[in-house]
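This one's a predicted model, so the numbers in the text were calculated from it and none came from an experiment.
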Amino acid sequence: MAKPGEEQERKAKFITDSGIEIKRIYPKTDIPEEQPGEFPFTRGVQSSMYRGKLWTMRQYAGFSTAEESNKRYHYLLKNGTTGLSVAFDLPTQIGYDSDHAFSEGEVGKSGVAIDSLRDMEILFDGIRLDEVTTSMTINSTASILLSMYIALAKKQGADVKKISGTIQNDLLKEYAARGTYIYPPQASMRIITDIFAYCSAEVPKWNTISISGYHIREAGSTAVQELAFTLSNGKAYLEAAIAKGLDIDVFAKRLSFFFNAHNNFFEEIAKFRAARRMWAQIVKELGAKDPRSMMLRFHTQTGGSTLTAQQPQNNIVRVTLQALSAVMGGTQSLHTNGFDEALALPTEEAARIALRTQQIIAHESGAADMVDPMAGSWFVESLTNEVEAAAWDYIRKIDAMGGAVAAIEQGYMQDEIAASSYKYQNEIQREEKIIVGVNKFVVEEKPAENLFTVDDSIRLQQMEKLKQVKASRNATEVQQLLQRLEQAARGDENLLPHILGSVEAYATLGEIADVLRNVFGEYKN
C-alpha cells in the first residue's frame with residue numbers, strides 16, 4: 001500500500017528472474033573485508049582486473065566449410081578480436097563425418113564442418129596457433145578436435161606446451177540441457193578425465209574443460225539454477241579426477257566456466273560474484289591448498305534465447321546491457337551475439353557491431369577502470385548473498401541424491417529447468433513479463449532481408465574432400481591405429497595418445513567416434 005502522498009507502485013512485488021524479491025531500498029550492509037585476487041575471490045580473480053589486462057574479446061564463429069570460416073576468422077582478427085571461438089556443425093558435434101546419412105541437411109549449418117586434420121589445417125590457415133588463444137565449443141568429440149588442434153600446432157612447429165585455449169568438454173550439461181551427447185555418462189567421464197591427465201602433462205596451458213551454465217540457461221533455467229547446476233557439475237568433475245588419482249592443485253587450475261548473461265542486469269552481476277565465492281569454497285573443501293586452484297575463471301556469452309526476431313535491432317541494446325553485466329561481474333572472456341542471430345547466422349556487419357560493443361565498453365564507458373565497480377553497493381552485495389544462498393539450497397539437494405550424475409540420471413535437473421522455462425513463457429503470455437517488440441511496443445515489420453545462409457551444396461564439397469583425404473592417406477596405418485585405440489578403450493589406458501596418433505594419420509572424426517561407439521555404446525535418454 002502506498003503511504004499518503006506517495007504514488008502507487010507499478011507492481012505489488014518486484015522480483016528478479018530467479019524469483020528473489022527486490023526491496024524498495026536496502027539498508028547499510030556490513031561488507032566483508034575482501035580484496036580482489038584473494039580467497040574467496042568474490043571481487044575478482046586478479047588484484048588489478050581490467051586495469052592490468054582487458055578481458056579476451058572473442059566472437060563465436062564457424063559456418064559452412066573450413067575455407068569460409070577461415071575468412072571470417074581473419075576478418076575478426078583484423079577488426080580487433082583478441083581470441084578465436086570456433087562453432088562446429090551438428091554432425092561434427094555428434095561424431096559423424098559429412099558423408100554419413102545422418103549428416104544430410106546439417107553440414108556446415110550450425111557451425112563449421114570438420115571431418116579430418118585436413119579441415120583443421122584449412123580452418124587455421126595463416127593463423128599461428130602459438131600466437132592466438134582458441135575456444136572450441138565441442139563436447140562429445142572434444143578429445144578428437146583437441147587432438148587435431150595439437151597435431152596442427154606440431155605441424156606448424158609450435159611448442160604444444162605453450163599453446164593455449166579451451167575445449168568445452170562438458171558432457172553433464174549435455175545430458176541435462178542440450179542433447180549433443182554420444183556415449184553413456186560413465187564413459188564420457190572417463191574420456192574427460194583422460195583429457196585432464198594428458199593435458200596436465202603435455203599441454204599444460206590448455207583449459208581442459210569449460211563447465212557450461214550457458215546451455216542450461218538457454219534451455220530455460222533461472223540464474224540461480226544456472227549457477228547451482230553448473231557448480232554441481234563442476235564438483236562432479238573434480239571428484240571424478242580425484243578418484244582417478246589426479247592432483248587437484250594441478251588440474252583444477254585448468255578448469256574454466258562458461259556462463260550466460262541475460263537481461264536482469266543486477267542479478268547477473270550478483271550471479272558472477274557469487275559463483276567465484278562458491279567455487280572457491282567447493283574446491284577448498286575437496287582438498288585444494290593452492291589458492292590459484294580455487295579461482296573460478298569464466299567466459300561469458302550474451303543470451304541467445306533473449307534475442308528476438310521482431311525488431312532485431314533492439315537486440316543491440318540487449319547485448320550491450322548483457323555484456324556490461326559480464327564486465328561488471330568480472331568475466332575473463334566475452335562473446336557478444338550478433339543482433340540478427342534470431343533470424344540466421346550473423347552477417348559480417350552484425351559480427352562487427354557485436355565486437356564494437358565490447359570495444360566501446362572497454363575503452364569508452366569507464367567500466368574497465370575500477371576493480372569490482374559494484375562492490376559496496378548495498379543492493380548488489382545483498383543480492384549476491386541471496387543468489388548464493390538459493391544456489392546452495394539446490395546443491396544440497398543434488399548432493400543428497402548422490403551428486404550431479406545421479407541427479408541428471410534421475411531427471412531432476414531436467415525437470416527443474418523445464419518447470420522454469422514453462423513459468424517464464426506463461427509470464428510472457430500473460431504480459432507479466434514485458435519483452436519489447438514481442439508482447440508490447442509491437443510494430444508492423446517488413447520481412448528481413450540480406451540474411452546469411454549456408455547452401456546445402458556444402459555437403460557435396462565436404463564429401464569430395466573426404467574422398468581425397470582417404471585416397472591420399474596410408475589406409476593400413478589408419479586401421480592399425482584405430483585397432484590400438486579400440487584396445488585402449490577396452491582397457492584402462494589413456495585414450496588421448498591413441499586419438500592423437502589416429503588424427504595425425506588422417507583418420508576421420510567419424511571413424512574415431514565409431515571406434516568408441518562400438519566399445520562404449522550410445523546413450524539413450
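- Between F259 and F257, the ring planes are parallel. Angles under 30° get that label, and only those over 60° would be called perpendicular.
- When each of D115, D119, T508 is paired with S98, the side chain to side chain donor-acceptor pair (under 3.5 Å) condition holds for D115 and for no other.
- Looking at heavy atoms from C-beta onward, Q225 lies in side-chain contact with S420 at the 4.5 angstrom threshold.
- Side chains of K173 and T230 form no contact here, defined as non-hydrogen atoms less than 4.5 Å apart.
- Remark: the backbone N or O of I216 is not paired with any side-chain donor or acceptor of E226 at under 3.5 angstrom.
- With salt bridges taken as basic N to acidic carboxylate O contacts below 4.0 Å, none links R190 and D492.
- The shortest side-chain heavy-atom distance between L238 and W279 falls under the 4.5 Å cut-off.
- Residues S232 and I398 approach most closely at OG-CD1, 3.5 Å, considering heavy atoms.
- No side-chain heavy atom of Q168 sits less than 4.5 Å from a side-chain heavy atom of M136.
- The aromatic rings of F251 and F196 sit parallel, their planes meeting at an angle under 30°, below the 60° perpendicular limit.
- Using a 4.5 Å heavy-atom threshold, the side chains of I150 and L146 count as touching.
- Put simply, the side chain of S64 never gets that close to the backbone of S69: no donor and acceptor are under 3.5 Å apart.
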Can you give the donor-acceptor pairs under 3.5 Å from side chains of residues 498-505 to other protein atoms, not counting sequence neighbours?
residue: H498; atom: NE2; partner: E493; partner atom: OE1; Å: 3.0
residue: S502; atom: OG; partner: H498; partner atom: O; Å: 2.9
residue: E504; atom: OE2; partner: K154; partner atom: NZ; Å: 2.9

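- Judged as a salt bridge (Lys or Arg N to Asp or Glu O under 4.0 Å), and not counting sequence neighbours, D249 has no contacts.
- Considering every non-hydrogen atom in both Y50 and G330, the closest pair reads OH-C, 3.2 Å.
- Ring geometry for Y412 against Y394 counts as tilted: the plane angle lies between 30° and 60°, on a 0 to 90° scale.
- In terms of modelled atom types and a separation under 3.5 Å, the side chain of N139 and the main chain of D170 share a donor-acceptor contact.
- Taking the charged nitrogens against the carboxylate oxygens, R217 and E268 do have a contact shorter than 4.0 Å, which makes a salt bridge.
- Aromatic ring pairs are classed by plane angle as parallel below 30°, tilted from 30° to 60° and perpendicular above 60°; the pair F258 and H299 is tilted.
- At most 12 heavy atoms of other shown residues, nucleotides or ligands fall within 6.0 angstrom of atom CZ in F102.
- Within the 3.5 Å criterion, the main-chain N or O of L334 finds a donor-acceptor partner in the side chain of Q358.
- Ion pairing of E267 with K271 is absent here, as no side-chain N (NZ or NE/NH1/NH2) approaches a carboxylate O to less than 4.0 Å.
- Side-chain contact between D130 and D159 is absent, with no heavy atoms from C-beta onward closer than 4.5 Å.
- Contact check for F379 versus I22: side-chain heavy atoms found under the 4.5 Å cut-off.
- A 6.0 Å sphere centred on NZ of K162 holds no more than 12 heavy atoms belonging to other residues, nucleotides or ligands.
- Using a 4.0 Å cut-off between a side-chain N of Lys or Arg and a carboxylate O of Asp or Glu, R396 and D399 do not qualify as a salt bridge.
- Closest non-hydrogen pair, A507 versus E511, comes out as CA-OE1, 3.5 Å.
- In this structure a side-chain-to-backbone donor-acceptor pair under 3.5 Å is missing from R43 to Q35.
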